Amino acid sequence: MNAIWLIMIAASMLYGLCTGKVDMLNGVLLNIGKETFDFVLPLLCMTCFWNGILNIAKEAGLLKKLEHLFHPFLKFLFKDIRDDEETLGYIATNITVNMFGLGSAATPMGLKAMEGMQKHNPQPDTATRSMVTFLVLNTAGVTLLSTTIIAMRTSFHSLDAVGFMPYAVAATVFASAVGLLVDRWWNYRD
Amino acid sequence: MTEITVYILPVLVLVIFLYALVKGVNAYASFSDGVKEGLHLFSSVYPALLAMMCAISLLRESGLMELSSQLIAKGIPYIPSEIVPMILFRPVSGNASLAVLIDIFKTCGVDSMQGIMASIIQGSTDTTFYVISLYFSTVGIRKIRNSLTIGLIADAAGIGMAILLTILFFQ
């Protein structure tokens, strides 16, 4: 990340200076701090609100309900750790929390799930099949409610801030399905 | 479709509140707790986003983004050149693609085809490189097998589907 960032900025400076865009570069350098702040602030307020709403769902046990729905499906997907209820629980929570677009809340659960799977790993420096499946599910990122994007579209005064959602859900479900199928086909041939 | 989607959020809130009512949860307290957690996000989101916004604004203002996007867009049909940086950054960094999304909202408009396409792409996958490096490094795994390849295949499928759906329903 560091190298990409350095190169992006250095290359832009060099290209901008060579093509005579020095005024525009100055504009960015002097205003970007406030511009980003002005944008992050409304976004943060929206996120705080939804964090509050979803926290009610969590404490009322609604997320737990969802996790139970996934359980049979997860037992089938993660054959290698079928008997480890605790780890399966972490996986279920991670996926459920991710579905509601709370990525940062999902990460600690995901890490616990990884530690759980590592306990069953015969070669501790190599990924197990379950780990690959879990990461494929995570990187495809099944998200049903993208609160950040909705918040952002609202702060830009969109006439239809939530209209994109069904399509995003379709795309994310498709990505996960493709990921899972490739994983099955590639890693579970025996 | 628009008529149905406006009901998603109110109905979701209704379901959560009814459920909390039935379960007798102290919803007021858990709401405040959730908001408090959200406030902590600022100190981690602002620095990362500022770094990316700065780099992407400079790329755009210097003209380098336009130049490289047009070069790449020539190779891929049907994709507006503004979307190219989105596709490149989405698997690498969540904050970078968020910064590109803001940039597209600013230059093309939030309800333009580019704006909608970028929103769907942002929602269609997660940051593959970040998730894989974080999760594997935490438990000390160095041989990640084919997880990165499969993750990127899934990303390509999600982004491709996002572009296809936008062209079909929003053009």
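Keep in mind that what you see is a predicted model, and the values were worked out from it rather than measured.
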Chain B contact via [X] - side chain, backbone, both or neither, heavy atoms under 4.5 Å:
| X | result |
| --- | --- |
| A:Gln118 | side chain |
| A:Ala177 | neither |
| A:Ile149 | side chain |
| A:Met13 | side chain |

Pick from [options] with the largest number of heavy-atom pairs that fall under 4.5 Å of chain B:
| options | answer |
| --- | --- |
| A:Val28, A:Leu17, A:Asp125, A:Ile9 | A:Asp125 |
| A:Val169, A:Leu41, A:Val182, A:Ile53 | A:Ile53 |
| A:Thr133, A:Leu62, A:Val40 | A:Leu62 |
| A:Met24, A:Glu115, A:Met152 | A:Met152 |
| A:Ala11, A:Gly16, A:Ala127 | A:Ala127 |

Interface residue of largest heavy-atom contact number with chain A, from [options], under 4.5 Å:
| options | result |
| --- | --- |
| B:Ala29, B:Gly151, B:Ala55, B:Gly158 | B:Ala55 |
| B:Leu67, B:Leu21, B:Leu148 | B:Leu67 |
| B:Asp33, B:Val25, B:Leu64 | B:Leu64 |
| B:Thr127, B:Val131, B:Asp111, B:Ile159 | B:Asp111 |
| B:Val22, B:Ile141, B:Thr149, B:Ile56 | B:Ile141 |
| B:Val35, B:Ile153, B:Asn146 | B:Asn146 |

Does [X] belong to the same Ile/Leu/Val/Met/Phe/Trp/Tyr cluster as [Y], with side-chain heavy atoms less than 4.5 Å apart forming each link?
| X | Y | result |
| --- | --- | --- |
| B:Leu168 | B:Ile83 | yes |
| A:Ile7 | B:Leu88 | no |
| A:Leu14 | B:Leu71 | no |
| A:Val178 | A:Phe73 | yes |
| B:Tyr46 | B:Leu98 | yes |

Search all heavy atoms of [X] against all heavy atoms of [Y] and return the closest pair with its distance.
| X | Y | result |
| --- | --- | --- |
| B:Leu39 | A:Cys48 | N-SG, 3.6 Å |
| A:Gly33 | B:Leu50 | CA-CD1, 3.8 Å |
| A:Thr19 | B:Ser62 | OG1-O, 4.0 Å |
| A:Ser146 | B:Gly123 | OG-CA, 4.3 Å |
| A:Ala60 | B:Ala20 | CB-CA, 3.9 Å |
| A:Ala57 | B:Ile16 | N-CG2, 3.7 Å |

Quick check: do [X] and [Y] have side-chain heavy atoms less than 4.5 Å from each other?
| X | Y | answer |
| --- | --- | --- |
| B:Thr166 | A:Tyr167 | no |
| A:Leu135 | B:Phe136 | yes |
| A:Phe156 | B:Ile102 | yes |
| B:Asn26 | A:Glu59 | no |
| B:Ile144 | A:Thr126 | no |
| B:Val110 | A:His157 | no |
| B:Lys106 | A:Glu35 | yes |

Using the side chain to side chain contact (heavy atoms under 4.5 Å, CB included) rule, take B:Leu58 and A:Met8 through it: C-alpha gap first, then chi angles, then the decisive distance, then the call. CA-CA 8 Å; B:Leu58 285 172; A:Met8 266 165 62; over 6 Å; no

Roughly how far apart are [X] [atom1] and [Y] [atom2], rounded to 0.5 Å?
| X | Y | atom1 | atom2 | answer |
| --- | --- | --- | --- | --- |
| B:Ser32 | A:Ile56 | OG | CD1 | 8.5 Å |
| B:Phe105 | A:Ser155 | CZ | OG | 8.0 Å |
| A:Ile32 | B:Ser57 | CD1 | OG | 3.5 Å |
| B:Ser30 | A:Leu54 | OG | CG | 11.0 Å |
| B:Gln122 | A:Thr143 | CD | OG1 | 10.0 Å |

Engaged part of [X] at the chain A interface, taking heavy atoms whose separation is under 4.5 Å:
| X | value |
| --- | --- |
| B:Phe129 | neither |
| B:Thr128 | both |
| B:Lys23 | side chain |

B:Asp126 versus A:Asn138, side-chain donor and acceptor atoms under 3.5 Å: no

So, A:Arg153 and B:Ser119: side-chain donor and acceptor under 3.5 Å apart, yes or no? yes

Are B:Phe170 and A:Phe164 an aromatic pair by the rule of ring centers under 6.0 Å? no

Going by the angle between their ring planes, with limits at 30° and 60°, are B:Tyr135 and A:Phe134 parallel, tilted or perpendicular? parallel

Could you list which of residues 83-92 of chain A have a heavy atom closer than 4.5 Å to any heavy atom of chain B, in residue-number order? none

Evaluate A:Thr139 against B:Thr125 for side chain to side chain contact (heavy atoms under 4.5 Å, CB included), listing each step before the verdict. CA-CA 7 Å; A:Thr139 57; B:Thr125 76; over 6 Å; no

Side chain to side chain contact (heavy atoms under 4.5 Å, CB included) between B:Arg145 and A:Thr128: does it pass, once the steps are laid out? CA-CA 8 Å; B:Arg145 308 216 335 212; A:Thr128 63; 5.7 Å; no

Give a yes or no answer on whether the side chain of A:Trp5 reaches the backbone of B:Ala51 with a donor-acceptor pair at less than 3.5 Å. yes

Between B:Glu61 (side chain only) and A:Leu25 (backbone N and O only), is there a donor and an acceptor less than 3.5 Å apart? no

Side chain to side chain contact (heavy atoms under 4.5 Å, CB included) for B:Phe31 and A:Asn55? Distances and angles first, verdict last. CA-CA 6 Å; B:Phe31 180 79; A:Asn55 202 39; over 6 Å; no

Please list, chain by chain and in numerical order, all residues satisfying side-chain contact (heavy atoms from CB on, under 4.5 Å) with A:Lys79, sequence neighbours excluded. A:Phe76, A:Arg184

